[in-house]
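Here the structure is laid out as structure tokens; the discussion comes afterwards.
Source: prediction; values computed, not measured.
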Amino acid sequence: SRHPELFQPDRIVFLDGVMQSRKSGDAAYHESLVHPGLFLHENPKRVAIIGGGEGATLREVLKHNTVEKVVMIDIDEKMVQLSREYL
């Protein structure tokens with residue numbers, strides 16, 4: 001296949017039985033959280049993300065070329081590490 005990534009198994013993160021994030025198919029959710037606020041601000045330069053352990057919100061914020069600094073805070077270090085490795 002020309003796009004083998006389309007046939008790889010998805011990876012899904014559940015927390016207390018509720019789906020929190022996935023390797024594919026989560027972009028629309030995170031886009032709707034990030035882009036409206038950043039588009040409304042005339043020149044966003046600094047962004048704080050509270051509880052963005054899987055990194056999807058960070059991915060969307062970094063699409064804005066005016067952003068110079070992002071600080072992501074998550075109390076669950078294990079979640080951040082697992083997301084880096086598997087998502």
Side-chain angles (χ1 to χ4, degrees):
S1 170
R2 296 174 84 186
H3 301 282
E5 68 277 5
L6 297 176
F7 300 96
Q8 293 177 351
D10 200 4
R11 296 186 182 204
I12 303 173
V13 176
F14 288 90
L15 183 61
D16 296 328
V18 178
M19 187 179 79
Q20 300 294 309
S21 190
R22 61 190 311 158
K23 187 173 184 177
S24 63
D26 69 346
Y29 172 75
H30 293 283
E31 288 169 352
S32 67
L33 288 175
V34 171
H35 299 301
L38 289 178
F39 285 138
L40 283 172
H41 193 290
E42 69 179 50
N43 191 22
K45 292 185 178 195
R46 296 171 298 170
V47 177
I49 301 170
I50 311 300
E54 82 285 347
T57 301
L58 176 62
R59 175 192 67 220
E60 297 303 319
V61 166
L62 293 175
K63 291 179 179 178
H64 292 261
N65 60 8
T66 61
V67 173
E68 297 173 356
K69 181 175 183 175
V70 181
V71 176
M72 187 179 84
I73 301 166
D74 198 301
I75 61 170
D76 191 345
E77 184 178 346
K78 184 82 167 170
M79 177 66 191
V80 175
Q81 290 173 345
L82 289 171
S83 296
R84 281 184 185 151
E85 187 173 346
Y86 295 106
L87 294 178

Those residues that, when tested against Ile12, pass side chain to side chain contact (heavy atoms under 4.5 Å, CB included) (two or more places apart):
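Only Asp10, Phe14, Met19, Arg22 meet the side chain to side chain contact (heavy atoms under 4.5 Å, CB included) criterion with Ile12.
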Side chain to side chain contact (heavy atoms under 4.5 Å, CB included) with Asp16: which residues, sequence neighbours excluded?
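Scan of Asp16 (side chain to side chain contact (heavy atoms under 4.5 Å, CB included), adjacent residues dropped) gives none.
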Can you see which heavy atom on Pro36 is nearest to which on Glu31, and at what distance?
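Minimum heavy-atom contact is CD-O, 3.5 Å.
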Going by the side chain to side chain donor-acceptor pair (under 3.5 Å) test, which pairs reach into residues 43-53, not counting sequence neighbours?
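Every candidate side chain to side chain donor-acceptor pair (under 3.5 Å) pair involving residues 43-53 fails, so no pair, neighbours aside, qualifies.
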Side-chain polar contacts of residues 73-80 - donor-acceptor pairs under 3.5 angstrom, sequence neighbours left out - could you list them?
| from | atom 1 | to | atom 2 | distance (Å) |
| --- | --- | --- | --- | --- |
| Asp74 | OD1 | Asp76 | N | 2.8 |
| Asp74 | OD2 | Gly53 | N | 2.8 |
| Asp76 | OD1 | Lys78 | N | 3.3 |
| Asp76 | OD1 | Met79 | N | 3.1 |
| Glu77 | OE2 | Gln81 | NE2 | 3.2 |

Just to verify, what does His35 make a ring-ring contact (aromatic ring centres under 6.0 Å, His included) with, not counting sequence neighbours?
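So His35 forms a ring-ring contact (aromatic ring centres under 6.0 Å, His included) with Phe39, His64.
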Are Val34 and Val47 packed together at the side-chain level, in the sense that at least one heavy-atom pair is separated by less than 4.5 angstrom?
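A side-chain contact under 4.5 Å is absent here.
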Pairs meeting criterion salt bridge (charged side-chain N to carboxylate O under 4.0 Å, His left out) with involvement of residues 57-67, two or more places apart:
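Only Asp26-Arg59, Glu60-Lys63 qualify under salt bridge (charged side-chain N to carboxylate O under 4.0 Å, His left out).
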Value rounded to 0.5 Å, distance of OG1 in Thr66 from CD in Glu42
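Between atom OG1 of Thr66 and atom CD of Glu42 there are 10.5 Å.
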